[in-house]
Amino acid sequence: MTQNIFTAMAEQVRAALTALYPDLPADVLARVQVEPPREAAHGDMATNAALVIAKPARLPPAKIAAALVEKLAALPVVEAAEAAGPGFVNLRLKESHLAGQITVMLGAGEAYGDSAIGAGRRVNVEYVSANPTGPMHVGHCRGAVVGDALANLLGKAGFAVTKEYYVNDAGAQVAALGWAAYWRYLRVIEPNLEEWTAEQVEHRFGVTLQYRGDYLVAVGEALAEHHGASLAPQRIEGTPSAAQAAAGVASALELGWFVDRAWLDMARERAVAMMMIAIREDLELLGVTQEVFLSERALVEANATDAAIAALEAKGLLYEGVLEPPKGKTPDDWEPRPQLLFRSTGFGDDVDRPLKKSDGSNTYFANDIACHADKLKRGYDLLIDVWGADHGGYVSRMGAAVKALSDGRVPLEVVLCQIVHVMKAGEPVRMSKRAGTYVTLRDLIEEVGRDAVRFTMLTRKSDAQMEFDLDKVVEQTRENPVFYVQYAHARCRSVLRQAGEPSGAALTAAPLEHLRDKAELDLIRRLISWPRVVEAAAMAREPHRIAFFLHDLAADFHVLWNRGREDSTLRFIREDEPGATAARLALVAATASVIRSGLGVMGVTPVEEMR
RNA sequence: GCGCCCUUAGCUCAGUUGGAUAGAGCAACAGCCUUCUAAGCUGUGGGUCGGUGGUUCGAAUCCACCAGGGCGCGCCA
């Protein structure tokens with residue numbers, strides 16, 4: 001039993017059509033839609049049925065519409081039906097039926113809008129997946145919010161959702177992190193700091209210290225605390241022993257220093273562990289909680305990449321080949337080279353993609369295939385990844401790999417998030433790691449608050465660029481959608497408090513026929529579209545639609561509130577009219593509930609009052 | 001050079017998967033508000049939906065080509 005009265009009516013329309021024209025094919029019936037008309041004057045619902053079936057039924061739309069009008073007008077919930085335009089049938093519902101939906105809302109509470117459209121399909125939503133090489137910054141923020149809200153949305157729409165974070169704790173970047181952590185460690189244990197500047201360490205060990213931020217100081221201290229000076233580099237006289245050569249870092253040995261690879265591993269592991277703790281704290285500040293953290297390194301160590309490659313090999317999808325250089329932009333050091341390629345062009349990709357680097361190690365792509373193979377092994381029906389737009393060129397190859405591994409059974413959908421430009425008083429905030437001016441996620445949340453961050457990140461389509469103005473998101477004006485929606489909820493709560501917090505039973509028993517004002521009915525029409533919005537947003541994977549819906553809903557409520565200023569008989573609480581008061585309180589309670597429901601999807605806390 | 005994304009009112013953006021006369025906020029203009037619900041309210045003006053073709057009952061939406069902006073293009077992740 002759906003709460004979406006539009007799809008419920010669509011079923012009635014299909015039943016009527018089948019009674020009139022028994023031979024209509026199923027795919028034609030499936031195209032029959034019932035929607036809210038753009039023009040309120042057209043009624044509460046409109047169906048395109050006559051237009052859709054005109055051709056298969058070989059009848060003019062007007063004639064079908066006329067027959068349909070007769071059938072639909074007889075339905076108990078329908079007040080009036082009429083044919084209009086090129087063949088639409090407009091329906092006006094009985095006001096008692098419209099208002100009766102409030103009873104449904106009050107009964108369901110925040111579960112109103114829950115849908116079964118996902119049919120329990122198991123879906124994995126992977127998002128954030130920031131490299132564990134430092135604290136989260138605003139660049140990660142949008143994907144975190146979009147992914148989290150999308151996962152919530154899918155859950156509300158009846159999918160069985162797993163929220164996942166893929167930890168890129170293997171590869172060159174975390175190796176660089178290990179060196180940086182080791183350098184910080186040296187700064188703690190070596191008394192003579194002039195000997196261990198970043199430049200000297202880089203020169204001495206032939207490495208680049210990519211991550212010099214202060215956030216690794218604590219890692220160095222932790223290493224010193226646990227290992228004392230036992231990881232300190234050793235000076236080597238003469239030729240290193242065979243054992244040292246095997247265990248140590250080659251470039252360091254040439255320069256007369258010995259650093260055991262195992263020490264670097266320890267530095268790297270501790271750094272990654274501490275960064276992940278920091279990242280998870282940041283995510284918690286943002287209200288993001290993911291239940292699976294899948295480690296790339298763990299996959300590699302379990303030979304999952306080899307297994308994934310073998311699986312593709314078994315399907316005959318791998319070969320040794322030479323790629324053409326990209327036309328018009330040949331890299332300077334390009335040289336044709338045979339490499340292990342995945343035949344992704346067989347699955348819609350432009351070129352085949354390499355799985356091995358020239359040194360024989362796996363590419364990031366190969367490990368990512370293992371990651372997705374792992375998800376497939378866990379039995380999902382649908383995989384969704386939320387990525388930054390700069391990974392857009394990666395979509396088709398990953399989709400190809402998932403298609404190949406699942407024999408086409410499991411789709412991979414990728415939601416791309418465009419860049420966020422942080423603004424302060426109309427001026428862009430420059431982001432520079434080196435200058436230390438970049439905005440961490442923590443800074444952002446401390447400045448404007450979690451709820452403003454989350455809401456604002458959902459006020460644009462995810463694939464559109466966005467400006468995030470630190471001043472505007474905390475302004476308490478109508479232009480600020482965060483405030484506007486919160487204010488509507490606070491007003492609802494204020495009314496209910498003043499009314500002495502009526503019980504659920506009292507609200508449910510309200511005589512709803514008192515709700516007759518246009519602003520009241522408009523608000524009801526908005527509320528009843530909530531289940532439909534949830535379904536449409538979930539199927540489109542577009543959580544931002546929830547934010548826009550809430551803004552519209554808030555606008556309808558504010559209009560109603562303002563009507564009471566002009567005409568005091570429209571105020572919510574009227575002591576001389578207990579019936580109207582009860583009905584309006586029910587409407588207000590339903591409004592507050594739907595706002596809470598929507599904010600819940602967005603991960604935003606509704607406020608009881610504005611301060 | 002190729003691929004993907006984007007282009008809607010002066011500005012920032014929606015547009016219910018192809019529906020009827022394309023919407024909202026800001027800005028502009030006109031009126032209202034001496035707190036019983038004004039951290040405002042009502043109304044007005046504003047558009048070649050980047051351009052040109054095509055598909056059909058119907059296109060901002062789908063297809064082709066073109067223009068402008070963004071991202072990406074073997075051994076980074």
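In the text below, chain A, chain B and the rest are named by the order of the sequence lines, each starting its count at 1. Computed from a prediction, not measured in an experiment: that's the story for all the values here. Worth knowing before you read on, the calculation uses all heavy atoms, side chains too, and leaves out hydrogens, waters and symmetry mates.
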So, [X] and [Y], do they make that salt bridge, N to O below 4.0 Å?
X        : Y        : value
A:Arg337 : A:Glu320 : no
A:Lys472 : A:Glu467 : no
A:Arg526 : A:Asp522 : no

Whether A:Phe342 and A:Phe347 hold their rings parallel, tilted or perpendicular, with breakpoints at 30° and 60°: parallel
task: Quick one: sort the A:His391 and A:Trp387 rings into parallel, tilted or perpendicular, breaks at 30° and 60°.
output: tilted
query: Looking across every strand, which nucleic acid part, if any, lies under 4.0 Å from A:Pro481 by heavy atom: base, sugar-phosphate, or nothing?
result: nothing
field: Side-chain donor/acceptor of A:His391 to base of B:A77, under 3.5 Å
entry: yes
query: Ignoring hydrogens and angles, does a donor from either the side chain of A:Asn90 or the base of B:A20 sit under 3.5 Å from an acceptor on the other?
result: yes
Looking at [X], does any N or O in its side chain come under 4.0 Å of the phosphate oxygens OP1/OP2 on [N]?
X        : N     : answer
A:Arg532 : B:U16 : no
A:Lys356 : B:C75 : no
A:Lys472 : B:C11 : no
A:Tyr487 : B:A39 : yes
A:His544 : B:G15 : yes

ring centroid sep under 5.5 Å plus plane angle under 30, A:Phe88 with B:A20: yes
- request: Identify all stems in which RNA chain B takes part, counting only runs of at least 3 consecutive pairs (Watson-Crick or G-U wobble, each distance under 3.5 Å), and give each as one range with another, ordered by first number.
  value: B:1-7 with B:67-73, B:10-13 with B:23-26, B:28-32 with B:40-44, B:50-54 with B:62-66
- request: Would you mind telling me which of B:A77, B:C13, B:A20 lies closest to the side-chain atoms of A:Ala46?
  value: B:A20
query: How should the glycosidic conformation of B:U21 be described, syn or anti, under the criterion that syn lies within 90° of 0?
result: anti
Donor-acceptor pair, side chain of A:His140 and main chain of A:His137, under 3.5 angstrom: yes
message: Can you confirm whether the side chains of A:Asp359 and A:Ser361 place a donor and an acceptor under 3.5 Å from each other?
response: yes
